[in-house]
K.L.:
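Handing you a structure now.
Below, chains carry the letters A, B, ... as their sequence lines are ordered, and counting in each starts from 1. This one's a predicted model, so the numbers in the text were calculated from it and none came from an experiment. Basis for what follows: all heavy atoms, side chains included, without hydrogens, waters or symmetry-related copies.
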Amino acid sequence: MVVKTINRRFASESETLAVIDFETTGMSPAEGARPTEIAVVLVRDGQLVDRYQSLMNAGLRVPGFIEELTGISTAMVRAAPSADKVMAQAFAFVGDHPLVAHNASFDSKFWDAELGRMGKNRPQEFVCSMLLSRRVFPNAANHKLGTLVQSLRLPATGRYHRALADAEATAYLLLRIQEELSQRYCWSGIRHEHLVRLQRVTRAKLDTWAASQASAGL
DNA sequence: TGCCAGGCCCTCTTTAGGGCCTT
């Protein structure tokens with residue numbers, strides 16, 4: 001299902017990226033937190049081409065401040081399918097596609113923890129749109145997802161702190177980052193592997209590194 | 001008793017400290 005299109009000139013071709021976002025009961029699986037909702041948006045050729053979203057019931061109460069933040073209540077998750085069933089569907093939806101998330105260190109912890117419950121390991125590496133935006137848009141007021149959506153005038157996707165709205169916003173941010181890299185460094189055919197390397201380059205060395213990538217044929 | 005995420009990044013740094021960002 002094609003949802004919206006944004007400047008497909010600058011998108012990598014024939015590579016599908018899976019942008020994910022979790023809503024959870026807390027900050028870390030190590031503290032016993034579990035997901036309450038997940039969304040996955042597939043991005044290909046500069047478009048948001050498919051999406052998966054579901055609330056899930058991991059058998060935990062939703063703390064009051066998180067209900068206030070997300071709008072997701074204990075009653076809502078108790079009426080939802082089991083976390084095991086939802087995560088199995090999400091894993092199948094993502095498949096082997098490279099992963100993207102905003103502040104990926106957060107979402108990757110929950111993704112890995114849920115994979116572990118199924119006895120699986122993650123084969124692909126995460127790209128973090130927050131790390132990329134810190135490098136590409138260093139002068140932004142801050143690098144919160146909502147702030148970047150507003151300052152970069154990205155498409156509105158719905159209520160913040162709901163999984164699908166945040167995953168779509170992250171997908172549009174990713175495409176905007178790719179567009180900026182293409183224009184600034186004359187890159188073409190940007191792939192996940194390039195973004196993985198870019199997010200490890202310090203801001204001070206970014207221009208030099210980017211130029212070397214361009215001369216290497218990116 | 002007191003503390004309680006954690007990886008990244010900047011700087012008044014590197015033998016460290018503190019803010020950012022996610023729920």
K.L.:
Test of understanding: with side-chain contact (heavy atoms from CB on, under 4.5 Å), list the residues that count as partners of A:Asp207, not counting sequence neighbours.
P.N.:
A:Tyr185
K.L.:
Can a donor-acceptor pair be found, under 3.5 Å and without considering hydrogens, that links the side chain of A:Thr36 to the backbone of A:Thr25?
P.N.:
no
K.L.:
Report each atom pair, protein N/O against N/O of nucleotides 12-15 of chain B, whose distance is under 3.5 angstrom.
P.N.:
none

K.L.:
To the nearest angstrom, how far is A:Lys144 atom NZ from B:dC21 atom P?
P.N.:
7 Å
K.L.:
Once side chain to side chain donor-acceptor pair (under 3.5 Å) is applied, do any residues pair with A:Glu37, and if so which ones, sequence neighbours excluded?
P.N.:
A:Gln53, A:Arg162
K.L.:
Of all residues at least two apart in sequence or in a different chain, which pass the side chain to side chain donor-acceptor pair (under 3.5 Å) check with A:Arg61?
P.N.:
none
K.L.:
To the nearest Å, how far apart are A:Ile20 CD1 and B:dT22 C1'?
P.N.:
12 Å
K.L.:
Partners of A:Arg197 by side-chain contact (heavy atoms from CB on, under 4.5 Å), sequence neighbours excluded?
P.N.:
A:Glu193, A:His194, A:Trp209, A:Gln213
K.L.:
Measure from the side-chain N and O atoms of A:Trp187 to the backbone N and O of A:Glu179, and report whether any donor-acceptor pair falls under 3.5 Å.
P.N.:
no
K.L.:
Using the P atoms only, state how far B:dG18 lies from B:dT13, rounded to an integer number of Å.
P.N.:
13 Å
K.L.:
CZ of A:Arg134 versus C1' of B:dT22: gap in Å, rounded?
P.N.:
11 Å
K.L.:
Whether A:His143 contacts B:dC20 is assessed here as follows: a side-chain N or O lying under 4.0 Å from the phosphate OP1 or OP2. Is that the case?
P.N.:
no
K.L.:
Between B:dG19 and B:dC4, how far apart are the two P atoms, rounded to whole Å?
P.N.:
14 Å
K.L.:
What distance, rounded to whole Å, do you find between the two C1' atoms, one in B:dC12 and one in B:dA5?
P.N.:
27 Å
K.L.:
With nearest nucleotides of DNA chain B determined for A:Ile66 and A:Arg200 from heavy-atom distances, which residue corresponds to the more 5′ nucleotide?
P.N.:
A:Arg200
K.L.:
Partners of A:Thr202 by side-chain contact (heavy atoms from CB on, under 4.5 Å), sequence neighbours excluded?
P.N.:
A:Ala204, A:Lys205
K.L.:
Looking at A:Arg153, I want to see if its CZ is surrounded by more than 12 non-hydrogen atoms of other residues, nucleotides or ligands under 6.0 Å.
P.N.:
no
K.L.:
May I ask you to verify if any side-chain N or O of A:His102 is less than 4.0 angstrom from the OP1 or OP2 atom of B:dC21?
P.N.:
no
K.L.:
With heavy atoms under 4.0 Å as the rule, sort A:Phe22 into base, sugar-phosphate or nothing.
P.N.:
sugar-phosphate
K.L.:
Can you list everything that forms a side chain to side chain donor-acceptor pair (under 3.5 Å) with A:Arg122? Sequence neighbours excluded, please.
P.N.:
A:Asp112
K.L.:
Using residues 90-108 of chain A as the side-chain source, report each donor-acceptor pair under 3.5 Å to any protein atom, sequence neighbours left out, with the distance given to one decimal.
P.N.:
from: A:His102; atom 1: ND1; to: A:Ser129; atom 2: OG; distance (Å): 2.7
from: A:His102; atom 1: ND1; to: A:Met130; atom 2: N; distance (Å): 3.4
from: A:His102; atom 1: NE2; to: A:His143; atom 2: O; distance (Å): 2.9
from: A:Asn103; atom 1: OD1; to: A:Ser105; atom 2: OG; distance (Å): 3.2
from: A:Asp107; atom 1: OD1; to: A:Phe22; atom 2: N; distance (Å): 3.0
from: A:Ser108; atom 1: OG; to: A:Ala104; atom 2: O; distance (Å): 2.7
from: A:Ser108; atom 1: OG; to: A:Ser105; atom 2: O; distance (Å): 3.4

K.L.:
At 4.0 Å (heavy atoms only), tell me whether A:Gln199 reaches a base, stays on the sugar-phosphate, or touches nothing.
P.N.:
sugar-phosphate
K.L.:
Over all strands shown, is A:Asn142 touching base, sugar-phosphate only, or nothing at heavy-atom distances under 4.0 angstrom?
P.N.:
sugar-phosphate
K.L.:
Given atom CD of A:Glu23 and atom P of B:dC21, what is their separation to the nearest angstrom?
P.N.:
17 Å
K.L.:
Hydrogens and angles aside, do A:Ser82 and A:Asn57 bring a side-chain donor and acceptor to less than 3.5 Å of each other?
P.N.:
no
K.L.:
Nearest whole angstrom, please: distance from the P of B:dT22 to the CZ of A:Arg34.
P.N.:
23 Å
K.L.:
Sticking with atom C1', work out how far B:dT23 lies from B:dG6, rounded to a whole angstrom.
P.N.:
14 Å
K.L.:
Starting at atom CZ of A:Phe65, determine the distance to atom P of B:dT23, rounded to an integer number of angstrom.
P.N.:
12 Å
K.L.:
Distance check needed: B:dT22 C1' versus A:Tyr160 OH, whole Å only.
P.N.:
15 Å
K.L.:
Give me the other members of the hydrophobic cluster that A:Val62 sits in, counting Ile, Leu, Val, Met, Phe, Trp and Tyr linked by side-chain heavy atoms under 4.5 Å, directly or via other members.
P.N.:
A:Leu55, A:Phe65, A:Ile66, A:Ile72, A:Met76, A:Val77
K.L.:
Touch check for A:Thr36, heavy atoms < 4.0 angstrom, all strands: base, sugar-phosphate only, or nothing?
P.N.:
nothing
K.L.:
Starting from P on B:dC20, measure out to CG on A:Leu148 and report it in whole angstrom.
P.N.:
14 Å
K.L.:
Please state the C1' separation for the pair B:dT14 and B:dC10 - nearest whole angstrom.
P.N.:
12 Å
K.L.:
Residues in side chain to side chain donor-acceptor pair (under 3.5 Å) with A:Arg200, at least two apart?
P.N.:
A:Glu125
K.L.:
So which protein N/O to nucleotides 4-6 of chain B N/O distances come out below 3.5 Å?
P.N.:
none

K.L.:
Let's see if you get this right: which residues in residues 121-132 of chain A place a heavy atom under 4.0 Å from DNA chain B?
P.N.:
A:Met130, A:Leu131
